[in-house]
There are 2 protein chains.
Amino acid sequence: MDGQGGRTRRRGEELIKAIHAAVLEEVAEVGVGRLTMEGIGRRAATPRTTLYRRWSDPVEVLLDALYHAHPVEEPTPGADDLRGDLIRSLRLMVDWMLSPAGRAVAAILTDPQRRPEVSKALYEKVFAGRGGTFTRTVLRHYAEHGHFPARLLTPVVADIGEALVIKRMFDTGRLPADDDLADIVDQAILPAIGLGPG
Amino acid sequence: MDGQGGRTRRRGEELIKAIHAAVLEEVAEVGVGRLTMEGIGRRAATPRTTLYRRWSDPVEVLLDALYHAHPVEEPTPGADDLRGDLIRSLRLMVDWMLSPAGRAVAAILTDPQRRPEVSKALYEKVFAGRGGTFTRTVLRHYAEHGHFPARLLTPVVADIGEALVIKRMFDTGRLPADDDLADIVDQAILPAIGLGPG
DNA sequence: TTGCTTAGATACGCGGTTGTAGCTTACCTT
DNA sequence: AAGGTAAGCTACAACCGCGTATCTAAGCAA
């Protein structure tokens, strides 16, 4: 007879998952600097006392959530469509950046008072096991199959696509359409590996 | 005989300059979200009451400071050294990003709760009068003088240099050396305008 | 010198977050 | 069915930023 609806009490795994989701949403919305136990608890609909039983700090909750986050999906290069695979890998990146984990990562990496431990946890856990960035995986595959000279696949070249996607999302505030991704591939990446249209 | 050292009392212009400097430093350090009258006042060594006499909000102080900030220096293309001018324009960008105003701008643009009015003020005031981004100015100049086909100077191509500099500063946390800038020019920008070494 | 303007100092109540404590009660195990 | 574990709830003092009010005294101009 408490009138609070039939909301059952969460425990263990289930509760923790909710808290992890909450802290990722929270950090994406307010940033690392404004992370607060109060805010996390509010979003997860759990009292702060429950949080303090497990963690002593909002950042600890965040690190724990990152630790349990799924690693980023890796693009799987097809048979013989370099251009299409590049566009698809950038699409994968854009989609990921819109996910809770992606937006959380963006908030963390751009935090003014970025703490090394947090960035470190990011690279180790979220990007764990990945061979490289989105386009790098594709480019390495096609370089190994002789579609272009491997010596052209420098760190700079491997970053071109991601860098341009990031800058575009910054400048326009919205996500690039497929047309934009194609432009990036055609006008920046392909020329850099000697496969420009000109 | 107040014992507070001989610190003279600041007034008008002088005081405001100190406050502008303070808010830029503050936002670069804690971010827009954590900007506070308290923090600004502390850094400028002035009581909050003085701030409230002129502004009603930390963001207003920030916007005012940006309004009075010096516009970004524009690269001046030389006679006949496209590659050198590109590297110099990126160097100009890196140097600016390390200045108080530059770091403030970075903090503002990456703020999770980025407010349109603030970004708008940025582009209108800080970048006011500039024809374009750093490398774009250089590229347009050389395109107009026939060093490469103007049709290749697309929005994507004009962004390549800046995008890569930004991503590098993100990833490594430190500023790119001249070697890195040269790599960006040689491996990404020049190929995109059909002047690759290959 | 007189007097206006305004920076500087202090104080206040308000509201939000903190970290802790205690109690109740749902959930799970035995 | 009984008991232990832990989630949920309430409360607390402490701190900090907010926005305002009031007083003082420094800087400047007539």
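Chain naming here is simple, since letters A, B, ... match the order of the sequence lines and numbering starts at 1 in each.
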Task: Rounded distance in Å - CD (B:E13) to C1' (C:dT5) - done: 17 Å
Task: Base D:dA6 to side chain A:R53, donor-acceptor N/O within 3.5 Å cut-off - done: no
N/O contacts under 3.5 Å, protein versus nucleotides 15-19 of chain D?
| unit_1 | atom_1 | unit_2 | atom_2 | d |
| --- | --- | --- | --- | --- |
| D:dG17 | OP1 | B:R42 | NH2 | 3.3 |
| D:dG17 | O3' | B:T36 | OG1 | 2.6 |
| D:dC18 | OP1 | B:T36 | OG1 | 2.9 |
| D:dC18 | OP1 | B:M37 | N | 3.3 |
| D:dC18 | OP2 | B:T36 | OG1 | 2.6 |
| D:dC18 | OP2 | B:M37 | N | 3.2 |
| D:dC18 | OP2 | B:E38 | N | 2.9 |
| D:dG19 | OP2 | B:Y52 | OH | 2.9 |
| D:dG19 | N7 | B:R48 | NH1 | 2.7 |
| D:dG19 | O6 | B:R48 | NH1 | 3.4 |
| D:dG19 | O6 | B:R48 | NH2 | 3.3 |

- [ ] May I have the distance from A:I40 (atom CD1) to C:dT17 (atom P), rounded to whole angstrom?
- [x] 12 Å
Task: Nearest-Å distance for atom pair CD1/P, residues B:I16 and C:dT5 - done: 17 Å
Open item on the list: Run the salt bridge (Lys or Arg N to Asp or Glu O under 4.0 Å) test against B:R115 and tell me which residues pass, sequence neighbours left out.
Closed with: B:E117
TODO: Would you tell me whether B:H147 and B:D80 have side-chain atoms, one donor and one acceptor, within less than 3.5 Å of each other?
DONE: yes
Open item on the list: Please classify the nucleic acid contact of A:T46 as base, sugar-phosphate, or nothing, using heavy-atom distances under 4.0 Å.
Closed with: sugar-phosphate
Task: side chain to side chain contact (heavy atoms under 4.5 Å, CB included) between A:H141 and A:V138, worked out - done: CA-CA 5 Å; A:H141 174 264; A:V138 172; 5.8 Å; no
- [ ] May I have all residue pairs that pass ring-ring contact (aromatic ring centres under 6.0 Å, His included) and include part of residues 36-56 of chain A, sequence neighbours excluded?
- [x] none
TODO: Measure across B:P176 and B:L181 and return the closest heavy-atom pair with its distance rounded to 0.1 Å.
DONE: CB-CD2, 3.9 Å
Open item on the list: Applying a 4.0 Å non-hydrogen cut-off, can you work out what A:R54 is touching in the nucleic acid: base, sugar-phosphate, or nothing?
Closed with: sugar-phosphate
Open item on the list: Does a side-chain N or O of A:R10 approach OP1 or OP2 of D:dG8 to a distance below 4.0 Å, or not?
Closed with: yes
Open item on the list: Quick check on B:R114: does its CZ atom have over 12 non-hydrogen neighbours (other residues, nucleotides or ligands) under 6.0 Å away?
Closed with: yes
Task: Separation of atom CD in A:E14 from atom P in D:dT5, rounded to whole Å - done: 21 Å
Task: Interatomic distance where CG belongs to B:L15 and P belongs to D:dC28 [whole Å] - done: 12 Å
